[in-house]
Amino acid sequence: MENLVRGWEVIIGLEVHAQIATKSKLFSSSPTAYGSDPNTQVSFYDAAMPGMLPVLNENAIDQAVKSGFGIKGTINKISRFDRKNYFYPDLPSGYQISQLYYPIVTDGYIDIELLDGTVKRINIERIHVEQDAGKSIHDLSPEFSYIDLNRSGVPLMEIVSKPDMRSPYEAMQYVKKLRNILKYVGSSDCNMERGNLRVDANISIHKPGEPFGNRAEIKNINSIRFLGQALEYEIERQIIAKETGEEIVQETRLFDSNTGETRSMRSKEDAADYRYFPDPDLKPVILSDERIERLRAEMPELPDEKKQRFMSEYGLRANDADVLIDDKEVADCFEKAVNASKFEPSETAKLIANWMISELFAILNKENKTIDTIGFPIEYLAELVDLIVDKTISGKIAKTVFAEMVSSGHKPVDIVQELGLVQIQDEGVIRKVVEEVLSKNPAQVEQYKSGKTQLFGFFVGQSMKSMQGKGNPETINKLLQDLLSKM
Amino acid sequence: MKNYLTISEAKKCLMSREFSAYELMQHYLNRIKNYSKLNAYVTLDEEKALASAKHADERIAKGESLPLLGVPLAVKDLFCTKGIRTTACSKILSEFVPEYESTVTQNLLNNGAVFIGKTNMDEFAMGSSNITSCFGPCFLPYRKKSKPDIELVPGGSSGGSATAVASDLCVAAIGSDTGGSIRQPAAFSGLVGIKPTYGLCSRWGMVAFASSLDQAGPLTKTVEDAAIMLKAMAGYDQKDSTSEKVAIPDYTAFLGQSVKGMKIGIAREYLEGLNEENLALLEKAKSWLIDAGCEIVDISLKTTSYALPAYHIIAPAEASSNLARYDGVRYTKRAKNFSNIDELYVNSRSEGFGEEVKRRILTGTYVLSAGYYDAYYTRALKIQKMIKDDFRNNAFSKVDLILCPTTPNTAFGIEESANMSPVDMYLNDVYTVNANIAGLPAISVPAGLSKDGLPMGVQLIGNRFAEAEIFKVSHVIEKSANFAELRKEIITI
């Protein structure tokens, strides 16, 4: 059996909490903007003042439905909100409104790619919509805790997988893929630094053939890297425990990103009884066929489909397609550039992909920019590639033009004109240069003729140099070969 | 100034400048002082009340005309009133002053009403005698012939509103009804009280007891007043997701219309165990309706007796959750002594809630707990559905309205009530909870006096949104009973 860790099979299931991208909260009109001063985005409802009532933000429901399409799930035409009751100072009403009994989406899946290239299906049990709680701040005063209710009532989707993952790698791949889908759908911006995507991981180990072990739930992991670390740590901890005869107890654990360790938060015995029951302040959510179809029609192309299309339509390799579709904006830019080119995609698409993946990404990384802050329109990249394809400039010169384009933001055509970088195509001119190079370097010519053929590159370089790199490399090669063979 | 002014009388006098809204307000404020021992009001802001009356006078002078312009009303302390303390008669909210106005009270203000003050009630509307208020009990202004020394309860939970109207400390009042809290005090106090169809009045800004059952409604001296006031209170509110998008007709237009051919059902289950006085009253009401041309139809509603137990699962379950927000963290009264967050919760809630509220929170928490949820809560919901189906299939497919008693008995003594077991107390709601459980409109109309000289009411239950029919038929009962004359026989204090 694969994936065993020292003879143990690992079972992982994830609950991902994604903040739904809406302007206002799930049940009030307070804004959801990030980074506002504490308690400035709080309505009477959010503070659970007496007699205040929830009014559902229908947009949040639309986004959840689209997310459901994104994971190929079943959209439930009737769903319902329940109250999850518990006391906590940053939960003003004493209950969180969630969907326990009738979630809006059930039975979806995501296909992830494993290291060996095979595809594995991770099943998703449900997506339900719920409110976020506020924030308790304990470190501002030795005496008091402070409460910020800005997040109170912010809409979340909880996306619950089946326990289908067998390694930290699979778990990380799953979250990456899920994040990508939600970003494509536009239902969440999935900004993990802002806490817009948080993961609870359930993990247990057992010997193959034996029943599943007791699971630990690691709460509130806020990065994919931490998810990997937390799971790795937890696997070690559980194996050591089991191998030293210790019982794994079902419990909730916290991951400490400073130490890379998880520690026990509360055991099952302390677990609260949340006394879920249908929220009497809200009617069931009933989705009409029209609404479902309208949302279906609004669905963008999803990452998997886009990848397939990039491969079949533009002849991209799987790896390159993967890199481009990883970020929807990058994928869109790629297509924009391909469309802007004056040549057929069959001639330019692969080149554009290469330029984006190597040169453009290098600049983005170096300058810590994103594709929309790069400083020139993506159509310029198409123009640059067009200049290569029509042989106005060589690939080498193109790098100079690209660098100039990045620093000045000028059009490639203008840069080529300004800097006089147009490729020398005239065979007569090139022949003169090549002849001169050969006649200036008789010693090297002798060595070449006596068998040191690697000197061919030297002649190419010298010729290029005297043409400031603008000579057509193919012509240079052809002429050199021609002349040297006759010498 | 004429005593026991109705809304329509007050309106007429105000518009004809017989007296000003200011004078009327002053008149009530004086009476309230004289009758302070009744403990009908828990919060009065005389200055504010007089100022709003004065403002109403200015509007009247300008020729404005609104259905309730200048009419002084009392508001049950369950409704949030902007800038005026709102406590639900609980110690835990004793320092709460809302920054907002409930939709129902705002609707009344928009119709020109002026508010006198906030009335006493059972804590968080939990009770049938107004003895659970943190401000102490409110008293019925009437006495039994046989035992005139015994202080009686006004019923509950809207006891303060009932007493304020019955002892003429306001023209009319707002109440709320979760299991009978408008109708039972109305019956005890010789008033008209209607619980509208669930969703007719917005719950926004009304302190929640049991969200799926709570409805606001008027407590008035006449059916006409109830019709005027309900029209002013009701209406769709986008801030309440359970509010219904229905047009609110002018209910007064239905008063005096012929009821000929209307079918009135009497369910035999409501007659079982009914005392003689109640039976006799029902017979009387029946004959009045027959005289008016109604057809009386014998029906059977087999689920009737299940409503009370279902109610005492659903209502506390919702209450246990609704009252979780009163935790001592924000606007509620915080205990002085605590050393950690759990103690803050426990001490604030232990000190802040009264016994009956604690009992219901415990009951509600229990019935929602893991292992008991299906046995209690799920079953109660099933029963609720059965009851709804029963009304639909076995009542309203055959009849327009159901006639039944409002309460099993007349007003009882305060001392007696203090010694009653909770379950005996809960039996007060036995004829009223069905309408709440099924979300149906129901009215209590004063129809007679007991041998002991206390008011008795009869109840009409209608199909959803049958308020107009209810007013039409109750108007017939009101006229036939001639309760205005009977009222003079009551021993008042």
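Every chain is numbered from 1, with letters handed out A, B, ... down the list of sequences.
- For S102(B), no part lies under 4.5 angstrom from a heavy atom of chain A.
- Checked by atom type and distance alone, the side chain of Y95(A) never pairs as donor or acceptor with a backbone atom of N322(B) at under 3.5 Å.
- Looking at E99(B), both its backbone and its side chain come within 4.5 Å of chain A, counting heavy atoms on both sides.
- In the displayed structure, N337(B) atom CG is contacted under 6.0 Å by at most 12 heavy atoms of other residues, nucleotides or ligands.
- Contacts of F87(A) with chain B are made by both backbone and side-chain atoms, with heavy-atom separations under 4.5 Å.
- Within 6.0 Å of CD on E343(B) lie more than 12 heavy atoms contributed by other residues, nucleotides or ligands.
- Heavy atoms closer than 4.5 Å to chain B are found in the side chain of N85(A), but not in its backbone.
- The environment of OH in Y345(B) is crowded: more than 12 heavy-atom neighbours from other residues, nucleotides or ligands sit within 6.0 Å.
- For the residue pair S93(A) and A324(B), the shortest heavy atom distance occurs at O-CB, 3.6 Å.
- Taking D214(B), T242(B), L381(B), T378(B) one by one and counting their heavy-atom pairs under 4.5 Å with chain A, the maximum is reached by T242(B).
- Atom-to-atom distance recorded for S321(B):OG and K84(A):NZ is 13.5 Å, nearest 0.5 angstrom.
- Other residues, nucleotides and ligands contribute only 12 or fewer heavy atoms inside 6.0 Å of the OH atom of Y372(B).
- The two residues I341(B) and P89(A) make their nearest non-hydrogen contact at CD1-CG, 3.5 Å.
- Here the closest non-hydrogen pair linking Y198(B) and P280(A) is OH-O, 4.1 Å.
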Check: residues 96-104 of chain A side-chain donor-acceptor pairs under 3.5 Å, at least two apart:
| residue | atom | partner | partner atom | Å |
| --- | --- | --- | --- | --- |
| Q96(A) | NE2 | Q131(A) | O | 2.7 |
| S98(A) | OG | E130(A) | OE1 | 2.9 |
| Q99(A) | OE1 | I104(A) | N | 3.3 |
| Q99(A) | OE1 | V129(A) | N | 3.1 |
| Q99(A) | NE2 | S79(A) | OG | 3.2 |

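- Of the two parts of F277(A), the backbone and the side chain both hold a non-hydrogen atom closer than 4.5 Å to a non-hydrogen atom of chain B.
- The contact list for residues 203-213 of chain B toward chain A, using heavy atoms and a distance under 4.5 Å, reads R203(B), W204(B), G205(B), M206(B), V207(B), S211(B), S212(B) by residue number.
- Only the backbone of Y276(A) has a heavy atom closer than 4.5 Å to any heavy atom of chain B.
- Under the 4.0 Å criterion applied to side-chain N and carboxylate O atoms, R83(A) and E318(B) are not assigned as salt-bridge partners.
- No part of D342(B) comes within reach of chain A, as not one of its non-hydrogen atoms sits under 4.5 angstrom from that chain.
- Between P50(A) and Y331(B), some side-chain heavy-atom pair lies under the 4.5 Å cut-off.
- Chosen from P278(A), A48(A), G94(A), P54(A), the residue pairing most often with chain B at heavy-atom distances under 4.5 Å is A48(A).
- Heavy atoms of other residues, nucleotides or ligands lying less than 6.0 angstrom from CZ of R215(A) number 12 at most.
- Between atom CZ of residue R325(B) and atom CE of residue M49(A) there is a gap of 10.0 Å, rounded to the nearest 0.5 Å.
- Interface residues of residues 361-368 of chain B toward chain A, defined by a heavy-atom distance below 4.5 Å and sorted by number: T365(B), L368(B).
- Contacts of residues 77-96 of chain B with chain A at a heavy-atom distance below 4.5 Å involve C80(B), L93(B), F96(B), listed in sequence order.
- The contact between D240(B) and chain A is made by backbone and side chain atoms together, counting heavy-atom distances below 4.5 Å.
- Surrounding NZ of K283(A) are more than 12 heavy atoms belonging to other residues, nucleotides or ligands, all under 6.0 Å away.
- Remark: the backbone N or O of S369(B) is not paired with any side-chain donor or acceptor of D273(A) at under 3.5 angstrom.
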